[in-house]
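Structure record follows, encoded as structure tokens.
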Amino acid sequence: RLDQLVSAKNKDKIDELGNNLFTLQNYQRCRQVFEQAVTVFATDASAWNNLGSCLAYLNKVDEAKDAYKKALAIDPNLDLAKKGLEALGK
């Protein structure tokens with residue numbers, strides 16, 4: 001369960017769950033997972049990037065841009081976030 005993973009601060013398992021949901025195209029649930037991830041791991045650029053990707057597929061463009069920008073503020077060299085932001089037209 002997600003709350004158990006969050007309580008345990010098990011980043012690897014949270015990432016795995018979110019990425020599996022993304023692969024299964026369950027973007028709404030993926031969003032929920034990565035929203036929890038950025039709450040617990042606020043300085044994790046990859047979590048913000050993953051949230052941005054889920055939001056982009058949900059057509060939440062402004063929210064996705066914000067998430068990608070947060071990822072890049074943490075890690076300016078994160079190519080996935082750069083590409084995600086570019087795909088949304090910055």
Contacts of type side-chain contact (heavy atoms from CB on, under 4.5 Å), residue Asp75, not counting sequence neighbours = Ala45, Asn77, Leu78
task = Indicate the ring-plane relationship of Tyr57 and Phe22, choosing parallel, tilted or perpendicular according to the 30° and 60° boundaries.
result = perpendicular
inquiry  = Run the side-chain contact (heavy atoms from CB on, under 4.5 Å) test against Lys60 and tell me which residues pass, sequence neighbours left out.
reply    = Arg31, Leu55, Leu58, Glu63
query = Does any non-hydrogen side-chain atom of Trp48 lie less than 4.5 Å from one of Ile74?
reply = yes
task = Using the rule that two of Ile, Leu, Val, Met, Phe, Trp, Tyr join whenever any of their side-chain heavy atoms come within less than 4.5 Å, decide whether Ile14 and Val40 are in one cluster.
result = yes
query = Just one of Leu21, Asn49, Asn19 clears the side-chain contact (heavy atoms from CB on, under 4.5 Å) bar with Phe34, so which one?
reply = Asn19
request  = Write down the atom of Val33, the atom of Leu17, and the distance for their closest heavy-atom approach.
outcome  = CG2-CD2, 3.9 Å
task = Kindly work out whether a path of hydrophobic side-chain contacts (I/L/V/M/F/W/Y, heavy atoms less than 4.5 Å apart) joins Leu88 to Leu80.
result = no
ask   = What closest approach, in Å, do Ala56 and Ala64 show between heavy atoms, and which atom pair accounts for it?
value = N-CB, 3.6 Å
ask   = About how many Å separate CZ of Arg29 and CG of Asn20, when rounded to the nearest 0.5 Å?
value = 12.5 Å
message = Under a 4.0 Å threshold between the charged nitrogen and the carboxylate oxygen, would Glu16 count as salt-bridged to Lys13?
response = yes
ask   = Residues in side-chain hydrogen bond (donor to acceptor under 3.5 Å, both in side chains) with Asp15, at least two apart?
value = Lys11
request  = Identify the two heavy atoms, one from Ala71 and one from Ala81, that lie closest to each other, and give their separation to 0.1 Å.
outcome  = CB-CB, 4.0 Å
query = Does some side-chain heavy atom of Lys82 sit less than 4.5 Å from a side-chain heavy atom of Asp79?
reply = yes
ask   = Is there side-chain contact between Ser53 and Tyr68, with heavy atoms separated by less than 4.5 Å?
value = yes
